[in-house]
K.L.:
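I have a structure I would like to understand better, so I am pasting it below and will then ask my questions one at a time.
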Amino acid sequence: MGERLTRTDVEKIQEELRQRKEEMRPKLIDEVKETRAMGDLSENFEYHAAKSAKNRNESRIRYLERMLANATIVSEESQAGVVGMNNTVTIYEPEDDETETVKITTSIRSDALNGRVSIESPLGKALVGRKEGDEVTVRVDDSYSYKVIIKKIDQTTDSSDDQISSY
């Protein structure tokens with residue numbers, strides 16, 4: 001099974017692919033040609049930097065194309081009152097006596113530092129399908145788990161502001 005993506009994720013990936021192939025690729029190829037003409041390639045830093053940038057772009061294109069080819073499309077819809085895709089969830093962690101707000105996303109849009117948690121992560125797996133007031137056990141691995149209580153579920157369905165990860 002490949003990456004789990006929403007239709008919005010697929011659109012964002014297709015747009016990035018278009019930009020990388022139609023806009024960035026020609027510019028990077030021209031830059032390699034120009035810097036190659038500057039002389040001795042063994043001491044030409046500009047050439048090596050341009051070649052590296054071109055290779056990173058080509059690598060990202062291959063990565064995104066593989067992701068799309070193997071993707072499983074998941075729904076962005078969720079039931080009212082139940083944690084689902086793109087919902088913002090306020091949780092209470094009794095162990096740390098802290099309240100945290102997270103948004104449930106696909107792994108390509110996850111960013112734990114900015115409160116976006118993947119449906120593939122231990123926390124995401126534990127929360128999806130649960131209701132307000134539920135006490136949930138988050139299993140990090142076989143030797144460690146912790147409990148959280150779902151305090152509030154906001155049916156935020158818009159994912160237009162979430163950017164896809166660079167890798």
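These figures come from a predicted structure and were not determined experimentally.
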K.L.:
For the atom pair CD (E76) and CZ (R7), what is the distance rounded to the nearest 0.5 Å?
P.N.:
9.5 Å

K.L.:
Check the pair T105 / I119 against side chain to side chain contact (heavy atoms under 4.5 Å, CB included), numbers first and verdict last.
P.N.:
CA-CA 6 Å; T105 67; I119 55 175; over 6 Å; no

K.L.:
State the CD-CG distance between Q19 and N57, to the nearest 0.5 angstrom.
P.N.:
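Result: 9.0 Å between the selected atoms.
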
K.L.:
Considering the options R116, E77, R109, K103, which one meets the side chain to side chain donor-acceptor pair (under 3.5 Å) requirement together with N86?
P.N.:
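Result: among R116, E77, R109, K103, R109 is the only option passing the side chain to side chain donor-acceptor pair (under 3.5 Å) with N86.
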
K.L.:
Would a hydrophobic clustering, with Ile, Leu, Val, Met, Phe, Trp and Tyr connected at side-chain separations under 4.5 Å, put L68 with M24?
P.N.:
no

K.L.:
Is E95 salt-bridged to K147, going by a charged N under 4.0 Å from an acidic O?
P.N.:
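So E95 does not pair with K147 through a salt bridge.
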
K.L.:
Distance-only, no hydrogens or angles: does the N55 side chain make a donor-acceptor pair with backbone N or O of S52 under 3.5 Å?
P.N.:
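Checking the backbone N and O of S52 against the side chain of N55, no donor-acceptor pair under 3.5 Å is found.
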
K.L.:
Taking all heavy atoms of S78 and all of Q155, pick out the closest pair and write down the distance.
P.N.:
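For S78 and Q155, the tightest heavy-atom pair comes out as OG-NE2, 3.2 Å.
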
K.L.:
What's the shortest heavy-atom distance between K151 and E132, and which atoms?
P.N.:
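Closest approach of K151 to E132: O-CG, 3.2 Å.
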
K.L.:
Are I104 and V138 connected into the same hydrophobic cluster when the rule is that any two of I, L, V, M, F, W, Y join if their side-chain heavy atoms are below 4.5 Å apart?
P.N.:
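Same cluster: V138 reaches I104 through Ile, Leu, Val, Met, Phe, Trp or Tyr contacts under 4.5 Å.
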
K.L.:
Determine whether L127 and V82 fall in the same hydrophobic cluster, where Ile, Leu, Val, Met, Phe, Trp and Tyr are linked whenever their side-chain heavy atoms lie under 4.5 Å apart.
P.N.:
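Hydrophobic grouping puts L127 apart from V82.
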
K.L.:
Quick one, P94 and I149 - any side-chain contact, counting heavy atoms below 4.5 Å?
P.N.:
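The answer is yes, as the side chains (C-beta and beyond) meet within the 4.5 Å cut-off.
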
K.L.:
Flag yes if I108 and L17 sit in one hydrophobic cluster, no otherwise; membership is Ile, Leu, Val, Met, Phe, Trp, Tyr, and two members link when side-chain heavy atoms are under 4.5 Å apart.
P.N.:
yes

K.L.:
Which atom pair, heavy atoms only, marks the closest approach of S110 to V117?
P.N.:
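The answer is CB-C, 4.3 Å.
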
K.L.:
Is E16 paired with R20 through a side-chain N to carboxylate O contact shorter than 4.0 Å?
P.N.:
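Looking at E16 together with R20, the answer is yes, because their closest N to O distance falls below 4.0 Å.
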
K.L.:
Flag the pair T137 / R139 as yes when at least one side-chain heavy-atom distance between them is below 4.5 Å, and no otherwise.
P.N.:
yes

K.L.:
Under the 3.5 angstrom rule, does the side chain of N87 hit a backbone N or O of G84 as a donor-acceptor pair?
P.N.:
yes

K.L.:
Measure the CZ-CE distance between R62 and M67 for me, rounded to the nearest 0.5 Å.
P.N.:
14.0 Å

K.L.:
Can you confirm whether R25 sits close enough to I61 that some side-chain heavy atom of one is under 4.5 Å from a side-chain heavy atom of the other?
P.N.:
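A side-chain contact exists here, since the closest heavy-atom pair is under 4.5 Å.
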
K.L.:
Hydrophobic cluster membership, with links at side-chain heavy-atom distances under 4.5 Å among I/L/V/M/F/W/Y: are I91 and Y146 in one?
P.N.:
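Linked within one cluster.
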
K.L.:
Heavy atoms only: give me the nearest I153-R130 pair and the separation to one decimal.
P.N.:
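Taking I153 first and R130 second, the nearest heavy atoms are CD1-O, 3.9 Å.
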
K.L.:
Could you tell me if T90 and E100 have a donor-acceptor pair between their side chains, going purely by distance under 3.5 Å?
P.N.:
no

K.L.:
So, does N70 use its side chain to make a donor-acceptor pair with the main chain of R66 at under 3.5 Å?
P.N.:
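Pair found, side chain donor or acceptor close to backbone of R66.
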
K.L.:
State whether the number of non-hydrogen atoms from other residues, nucleotides or ligands found under 6.0 Å of Q79 atom CD is greater than 12.
P.N.:
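For Q79, atom CD is not crowded (no more than 12 foreign heavy atoms under 6.0 Å).
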
K.L.:
Listed by chain and number, what are the side chain to side chain donor-acceptor pair (under 3.5 Å) partners of S143, not counting sequence neighbours?
P.N.:
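Partners of S143 by the side chain to side chain donor-acceptor pair (under 3.5 Å) criterion, ordered by chain and then number, come out as D141.
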
K.L.:
Evaluate the criterion side chain to side chain contact (heavy atoms under 4.5 Å, CB included) for residue pair I13 and L5; output intermediate values, then yes/no.
P.N.:
CA-CA 10 Å; I13 292 170; L5 303 174; 3.8 Å; yes

K.L.:
Under 4.0 Å between a Lys/Arg side-chain N and an Asp/Glu carboxylate O for K12 and E15?
P.N.:
no

K.L.:
So, taking the atom named OH in Y92 and the one named CD1 in I150, what distance separates them when rounded to the nearest 0.5 Å?
P.N.:
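Y92 atom OH to I150 atom CD1 measures 15.0 Å (nearest 0.5 Å).
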
K.L.:
I'd like to know if the side chain of N114 and the backbone of D111 have a donor-acceptor N/O pair within less than 3.5 Å.
P.N.:
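No; judged by distance alone, with no hydrogens or angles, the pair does not exist.
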
K.L.:
Less than 4.0 Å between a side-chain N and a carboxylate O, is that true for K21 and E65?
P.N.:
yes

K.L.:
Name each donor-acceptor pair under 3.5 Å that joins a side chain in residues 29-37 to protein atoms two or more places apart or in another chain, with its distance.
P.N.:
{"unit_1": "T35", "atom_1": "OG1", "unit_2": "E31", "atom_2": "O", "d": "3.0"}
{"unit_1": "T35", "atom_1": "OG1", "unit_2": "V32", "atom_2": "O", "d": "3.1"}

K.L.:
Is it true that atom OH of Y144 has more than 12 heavy atoms of other residues, nucleotides or ligands lying nearer than 6.0 Å?
P.N.:
yes

